[in-house]
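Just follow the structure's listing: the first ligand is 1, and inside any ligand the first atom is 1.
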Amino acid sequence: MVIYNIISAFKFTDCLMLITFAFLTYVFQFYYKYYTRPNKLPGPIPLPFIGCGYLFTGNTRQLLELLHKKYGDICEFYLAGSRRILISRPEYVERILAPTSKDTTFLMKFPYSEGLEELGIAGKGIIVNHDIKSWKFNRQFFNQVIFTPNFNNEAVKWMNVLTQELEGYWKSLVNLKLPNGNLQNDKNDWQFEIDISKWARSFTTDMIVILVTGERSYSMASYYNVHSPEKITLSNALIKDSEKFIERFTDYHFGFSYFIYFSSFLRHYMPFIRNKVKYLLKNRDHLFETLDLIIKKRRKEIEEMPVGVELRHDMLTSLIVTNTERDMNNVKIVRDDFSRPMTDVEIRVYYVCHSPHVKQKMIDEIDSVFTPNTSFHLKYEDLLTLEYCDAIINEVGRIMPVGNEIRRYLANSAEVAGYQWEAGTMIHIHINGIHSHKNHWSNPEIFDPDRFYKENDNSEMNDKARHKFSLITFGGGLRICPGRKLAMIELLSLMVAIFGKYDVELVDMNAPLNTKSGSLTTCGGLPVRIRPRKLPV
Ligand code: HEM
């Protein structure tokens, strides 16, 4: 009754005052905390509720570059309610990225979050797993599978199959465009414009799907169908619509920031965000359904296989065989971490096409290993001899890294960059800042693969001379990317398949590289003109 009397005595102006008072208290508390924080670092002043979100235009690479340029090698910013330390200098990450299995201080990437719980991946898989015990277990299985010679051979085998398939689609599309419709008559005299980034994306998707699940997806075929009036029909009971399947993975991957950056309240009640989150959860269910079906089917196949028959070498088969019934959840590493792998062949094409001498040196090396004018067969040992191509891959990874940052969430208090930080501090290692640091790279803005070329005697930047953490394309420490070897196989194979057989030039040499940058930086499209290489007879 008393409460009712108080409430009914409230006027509109009283409510307004109360809200204003609550708001001012919040703002006062917010800035009190901000101005009394330990280890004050330079950085933009945060605003209540949005932190430094006013600087974020949707491009992570740009935001991190801006902060580094304006506030230096170690600075701070506020996003999603947390203080974040941004580090852009190799010396400062030595402790963080040093591999050590005893100290778990720098092993976590993300804290537990109810958002990831809702997404169904908290404490699961590898990439965002906050539970170190479960991460270790999963990562060990992943390493066991991916670092075997069988897995490499399987990767190269599929690279051969898929590069041939890719060429088949290109030739078929050219054939459709030729006036006489017969490629045979114009064997070496055609040219063709394609968006290399779309083909490369479809290619790597088909490659990863087959290596991880042992099932064929037909992303390249679907993309071919978009351009060809004559459609290819493919019957695959599990992955019926490859384009959709890939779209689901992309949405699952990019959508996961909604579950880290927005609170439960915003996710469920804020217009716009609410609908997106609803879609993302539905999308996840569809995706997991397909993947669970694949897992179930493969288990059945293995159980029914006669003793003595050699098993396939895909990741899923290996995980099923090494796991007992009790550990079946670990097989779902495949399900939870599937969306991460992404190579960036098209970015390499862009840089190589802008550098004629690099292009020629690369082609000369490819020709010295794979006889030109033949339908050569890729072999793992041959790929390993391509040192200049390897240098190009490293240099593109330096100048335009796929990942923008490497995160670490301190499990214990620790000293980093000369400051003592409390447990729970969020560290962001700025990959591009480190890769372009003037103390470590001469003319960092210039694309120069010779930095990494072993035969280049003048290079002060070769593997031995440079700082151990001045190149962190694949991260470092115990959480270093386990897919790096596979990524190299893929990138080298594609460079050989494309530049070994075709003359490739950019349609618009003046256009800047079109990139999108979320948690990863990817190419938004790269039109190129290809024609068969004319080789001296
Ligand atoms: C050019 C290609 C690639 C690049 C640049 C790249 C880069 C990275 C980076 C920077 C990290 C974070 C490392 C850290 O926190 O220290 C990472 C983690 C990871 N990558 Fe890759 N990656 C690539 C390809 C792949 C491929 C092909 C696979 C799978 C076969 C893969 C699987 C993973 C996994 C599972 C993790 C999480 C590791 C963990 O948290 O323990 N990546 N990658």
Side-chain angles (χ1 to χ4, degrees), residues 60 87 93 96-101 104 106-110 121 124-132 134-148 151-152 154-155 158-159 200-201 203-213 249 253 314-316 318-319 333-348 390 392-409 427-432 434-435 469 471-495 519-523:
T60 312
I87 296 182
V93 302
I96 306 174
L97 296 185
T100 159
S101 50
T104 55
F106 302 107
L107 263 185
M108 270 169 93
K109 283 186 184 170
F110 294 91
I121 53 171
K124 296 209 176 120
I126 300 177
I127 300 174
V128 295
N129 199 340
H130 66 278
D131 178 351
I132 291 300
S134 138
W135 165 81
K136 262 191 189 150
F137 197 66
N138 293 341
R139 174 80 198 227
Q140 212 180 344
F141 273 117
F142 198 89
N143 285 356
Q144 260 172 27
V145 174
I146 208 163
F147 292 125
T148 57
F151 194 79
N152 286 346
E154 190 75 0
W158 280 107
M159 282 307 302
R201 191 63 41 81
F203 181 98
T204 41
T205 305
D206 284 346
M207 176 76 182
I208 289 294
V209 172
I210 187 75
L211 284 181
V212 175
T213 67
F249 268 121
H253 178 62
D314 59 86
M315 183 173 284
L316 178 58
S318 307
L319 285 168
I333 301 170
V334 162
R335 202 183 74 165
D336 304 318
D337 282 340
F338 201 103
S339 57
R340 178 65 176 77
M342 174 96 72
T343 47
D344 51 350
V345 182
E346 58 275 29
I347 299 183
R348 275 147 242 276
D390 187 79
I392 295 176
I393 293 174
N394 276 323
E395 177 62 349
V396 176
R398 182 193 70 78
I399 207 162
M400 187 57 73
V402 180
N404 292 308
E405 55 175 10
I406 294 165
R407 287 161 173 250
R408 292 296 185 264
Y409 175 80
I427 308 266
H428 295 244
I429 301 172
H430 180 206
I431 301 183
N432 194 35
I434 286 188
H435 285 188
F469 296 113
L471 187 77
I472 50 169
T473 320
F474 292 105
L478 294 183
R479 295 205 79 150
I480 193 168
C481 172
R484 58 198 184 283
K485 212 160 143 198
L486 175 61
M488 290 307 266
I489 295 178
E490 256 188 79
L491 288 166
L492 286 170
S493 305
L494 271 174
M495 279 165 81
S519 62
L520 303 173
T521 295
T522 55
C523 181

Worksheet item: Will you find, in the side chains of Thr473 and Asn394, an N or O donor that is under 3.5 Å from an N or O acceptor?
Response: no
Discussion item. With heavy-atom distances below 4.0 Å as the criterion, list the atoms of ligand 1 near Leu486.
Written reply: 30 (C)
Discussion item. Test your reading of the model: is there a side-chain donor-acceptor pair from Thr104 to the backbone of Leu107, 3.5 Å cut-off?
Written reply: no
Discussion item. If the cut-off is 4.0 Å to any non-hydrogen atom of Arg408, which atoms of ligand 1 fall inside it?
Written reply: 14 (C), 15 (O), 16 (O)
Discussion item. I need the atoms of ligand 1 closer than 4.0 Å to a non-hydrogen atom of Ile406, numbered in the order shown.
Written reply: 14 (C), 15 (O), 16 (O)
Item to complete: Ignoring angles and geometry beyond distance, decide whether Trp135 reaches within less than 3.5 Å of ligand 1 through its nitrogen or oxygen atoms.
Response: yes
Response to the item:
So the atoms of ligand 1 within less than 4.0 Å of a heavy atom of Arg139 turn out to be 38 (C), 39 (C), 41 (O)
Worksheet item: Which atoms of ligand 1 have any heavy atom of Gly475 under 4.0 Å away?
Response: 10 (C), 13 (C), 14 (C), 16 (O)
Worksheet item: Hey, which atoms in ligand 1 end up nearer than 4.0 Å to a heavy atom of Ile146?
Response: 30 (C)
Worksheet item: Is it the side chain (CB and beyond), the backbone, both or neither of Lys109 that lies under 4.0 Å from ligand 1, heavy atoms counted?
Response: side chain
Response to the item:
Nearest heavy-atom contact between Ile126 and Arg479 is O-NH2, 2.6 Å
Discussion item. Using a plain distance cutoff, I'd like to know if Arg484 has any nitrogen or oxygen under 3.5 Å from a nitrogen or oxygen of ligand 1.
Written reply: no
Item to complete: Using distance alone, decide if ligand 1 has a nitrogen or oxygen within less than 3.5 Å of any nitrogen or oxygen in Arg407.
Response: no
Item to complete: Write out all pairs satisfying salt bridge (Lys or Arg N to Asp or Glu O under 4.0 Å) with one or both partners inside residues 394-408, taking only residues at least two apart or from two chains.
Response: Glu395-Arg398, Glu395-Arg451, Glu405-Arg407
Practice prompt. Return the minimal non-hydrogen interatomic distance between Ile393 and Arg348, and the atom names on each side.
Written response: O-NH1, 2.8 Å
Fill in: Nearest heavy-atom neighbours spanning Pro401 and His435
CG-ND1, 4.1 Å
Worksheet item: Are a donor atom and an acceptor atom from the side chains of Ser134 and Asn129 found within less than 3.5 Å of each other?
Response: yes
Discussion item. For the 3.5 Å polar cut-off, considering only N or O atoms, please tell me whether Phe142 and ligand 1 meet it.
Written reply: no
Worksheet item: Any sub-3.5 Å donor-acceptor pair from Thr204's side-chain atoms to Arg201's backbone N or O?
Response: yes
Worksheet item: Where the closest heavy atom to atom 13 (C) of ligand 1 is concerned, which of Lys485, Arg479, Arg348 has it?
Response: Arg479
Worksheet, complete the sentence: Residues passing the ring pair (Phe, Tyr, Trp, His ring centres under 6.0 Å) test with His130, sequence neighbours excluded, are Tyr112
Worksheet item: Judged by non-hydrogen atoms, does Ala487 sit under 4.0 Å from ligand 1?
Response: yes
Fill in: Those atoms of ligand 1 less than 4.0 Å from some heavy atom in Gly476
16 (O)
Worksheet item: In a check of side chain to side chain contact (heavy atoms under 4.5 Å, CB included) between Glu490 and each of Val345, Ile208, Leu211, which one passes?
Response: Ile208
Item to complete: With atom 19 (C) of ligand 1 as the reference point, say which of Ala155, Pro482, Gly483 has the nearest heavy atom.
Response: Pro482
